[in-house]
Amino acid sequence: SRKLQQEIVQKRTFTKWINSHLAKRNPPMVVDDLFEDMKDGVKLLALLEVLSGQKLPCEQGRHLKRIHSVANIGTALKFLEGRRIKLVNINSTDIADGRPSIVLGLVWTIILYFQIEELTSNLPQLQSLSSSTSSMDSVLSSETASPPNKRKVVTKAQGNAKKALLKWVQYTAAKQVGIEVKDFGRSWRSGVAFHSVIHAIRPELVDLEKVKGRPNRENLEEAFTIAETELGIPRLLDPEDVDVDKPDEKSIMTYVAQFLKYYPDVHNTGTDEQENDVVFFSFQREDKLVPRETKVWIEQFERDMTRAQMTEASLQDKYQSFKHFRVQYEMKRKQIELLIQPQRRDGKLSLDQALVKQAWDRVSSRLFDWHIQLDKSLPAPLGTIGSWLYRAEVALQEEITIQQVHEETANTIHRKLEQHKRRNTICHKL
């Protein structure tokens with residue numbers, strides 16, 4: 001049946017998407033069978049850690065009891081709900097049972113939030129979408145009022161992100177090469193739409209006249225190969241999955257959204273008063289190099305840091321290694337903080353800035369955790385002092401943000417340090 005076919009394609013695409021992210025983990029993980037591998041929640045939590053840059057508690061072991069598997073999945077679902085992601089009819093036991101429709105629904109929600117929603121929110125929004133809340137937030141009010149009775153994860157967010165992604169394709173790629181893209185289904189069957197997106201990013205990679213006269217499978221195969229080898233975009237689709245009467249919309253959206261990362265920044269140059277839903281994009285190719293190069297530098301820095309952390313060495317050598325990375329980090333910090341200052345009138349970051357910020361926040365957090373880990377490894381009494389300092393720093397980090405007024409910040413520090421004076425006596429005794 002068509003539903004089963006759709007399930008097979010989604011399972012394949014979503015598995016490849018997950019693996020493209022789990023490959024960044026140290027050590028890497030691989031999902032072989034999506035429905036089986038989500039059952040204990042271990043790989044699900046690992047995926048959320050990679051996507052968010054946060055550490056999540058996880059019960060691990062070769063033969064986990066069901067109660068631990070359900071607890072892991074519960075941790076993952078709570079984490080998502082904490083980010084105001086509405087999970088409709090998705091519960092831990094269904095995932096632990098490996099129910100296909102529920103597992104696919106959960107993975108789609110994760111893709112929608114961490115890839116499609118995040119990337120499309122950086123595009124100039126259509127008039128109807130640009131409210132003060134994100135499209136994810138707006139799900140809450142619409143869904144609590146009338147909960148759907150079907151087991152579906154169809155939200156307003158999906159509608160908004162889909163609309164923004166489709167507009168992006170229509171105005172940046174399709175229009176330039178004179179083709180029509182009406183949806184994320186049949187419009188992609190011939191493969192020409194995929195080539196038009198590649199052409200919008202790197203025109204020299206595509207011969208559009210040649211593409212228009214070729215068989216579908218040939219076009220699809222070449223598009224996926226070029227995207228992978230030239231742009232580094234993971235090959236999530238197979239030609240035979242797309243060259244069908246009704247290609248799977250979610251799989252195509254997941255794949256196409258990846259191209260947004262590589263696209264020259266888009267800015268809104270104005271909207272037509274008669275047609276609010278029309279957005280005109282102007283493309284600014286300059287000023288792209290610095291953020292992109294910075295992101296590459298941060299990612300390399302993170303890989304080197306991870307490798308150094310994994311190396312067996314004495315505590316003294318580990319501190320030396322940490323110091324080496326800390327110095328590099330501090331040298332780069334001013335430049336990066338300037339780079340991620342909002343430049344646009346609406347105060348939002350550009351797509352490239354958002355990607356740099358995400359990578360920088362992740363590295364900052366890793367460096368901080370590494371320092372804590374080293375301090376805690378010190379012999380007593382220094383280890384105890386290290387732990388105390390860690391608690392104090394975490395407490396300070398909770399409330400202090402760069403945007404706060406200096407006076408307010410000073411008050412916050414004072415209040416927090418007062419709370420820790422009691423613990424401070426430990427240090428004196430030692």
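Please read all numbers here as calculations on a predicted model, not as lab measurements. Numbers here are sequence positions counted from 1.
- In this structure, Leu220 and Leu237 have side chains that are not in contact, with every pair of non-hydrogen atoms separated by 4.5 Å or more.
- Side-chain N/O atoms of Gln320 and His324 include no donor and acceptor closer than 3.5 Å.
- Side chains of Arg186 and Pro247 form a contact here, defined as non-hydrogen atoms less than 4.5 Å apart.
- Under 3.5 Å, the side chains of Trp108 and Gln10 contain no donor-acceptor pair of N or O atoms.
- Remark: Asp369 does not engage Arg366 in a salt bridge, criterion side-chain N to carboxylate O under 4.0 Å.
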Intermediate values then yes/no, salt bridge (charged side-chain N to carboxylate O under 4.0 Å, His left out), Lys39 and Glu36
CA-CA 6 Å; Lys39 282 183 176 179; Glu36 282 301 313; 3.0 Å; yes
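- Between Tyr329 and Trp360, the ring planes lie parallel to each other; the angle is under 30°, not in the 30° to 60° tilted range.
- Between Phe184 and Trp188, the ring-plane angle classifies as parallel under the 30° and 60° cut-offs.
- Electrostatic pairing of Glu330 and Arg326 counts as a salt bridge here, judged by a charged N lying under 4.0 Å from a carboxylate O.
- Salt-bridge annotation for Asp238 and Lys16: present, with a side-chain N of the basic residue lying under 4.0 Å from a carboxylate O of the acidic one.
- Between Pro234 and Tyr255, the shortest heavy-atom distance links the atoms O-CE1, 3.3 Å.
- Remark: side-chain polar atoms of Gln170 are paired, donor with acceptor, to backbone N or O of Val181 under 3.5 angstrom.
- Arg12 and Ser251 share no donor-acceptor pair across their side chains, judged by distance under 3.5 Å alone.
- Between Leu47 and Lys43 the shortest side-chain heavy-atom distance does not fall below 4.5 Å.
- Ile67 CD1: 12 or fewer foreign heavy atoms inside a 6.0 Å radius.
- When side chains are defined from C-beta on, Glu249 does not count as touching Ile252, because their heavy atoms never get closer than 4.5 Å.
- Note: Phe114 and Phe79 have parallel aromatic rings, judged against thresholds of 30 and 60 degrees for the angle between ring planes.
- Residue Ala76 comes nearest to Leu48 through the heavy atom pair CB-CD1, 3.6 Å, listed as atom of the first residue, atom of the second, then distance.
- The pair Glu299-Arg303 does not count as a salt bridge, with every side-chain nitrogen at least 4.0 angstrom from each carboxylate oxygen.
- Aromatic pair Phe194/Phe259: ring centres not closer than 6.0 Å.
- A heavy-atom distance below 4.5 Å is not found between the side chains of Thr294 and Asp352.
- Using a distance-only test at 3.5 Å, with no hydrogens or angles considered, a donor-acceptor pair links the side chain of Gln115 to the main chain of Thr254.
- Between Gln54 and Glu49, the closest heavy-atom pair is O-CG, 3.1 Å.
- Contact annotation: the side chain of Leu236 never approaches that of Phe14 to less than 4.5 Å [non-hydrogen atoms, C-beta and beyond].
- Enclosure of atom CD in Glu204 by more than 12 non-hydrogen atoms of other residues, nucleotides or ligands within 6.0 angstrom is indicated.
- Using a distance-only test at 3.5 Å, with no hydrogens or angles considered, no donor-acceptor pair links the side chain of Asp248 to the main chain of Gln6.
- Side chain of Gln353 to backbone of Gln341: a donor-acceptor contact under 3.5 angstrom is found.
- Side chain of Asn19 to backbone of Val30: no donor-acceptor contact under 3.5 angstrom is found.
- In this structure, the side chains of Thr225 and Arg235 come closer than 4.5 Å at one or more pairs of heavy atoms.
- Looking only at atom types and distance, the side chain of Thr93 has no donor-acceptor partner in the side chain of Arg66 under 3.5 Å away.
- With contacts defined as side-chain heavy-atom distances shorter than 4.5 Å, the pair Gln373/Phe322 does not qualify.
- Asn219 places a side-chain N or O within 3.5 Å of a backbone atom of Ser190 that can act as its donor or acceptor partner.
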Run Lys65 and Glu59 through side-chain contact (heavy atoms from CB on, under 4.5 Å) and show every step you take.
CA-CA 10 Å; Lys65 288 184 176 165; Glu59 299 275 358; over 6 Å; no
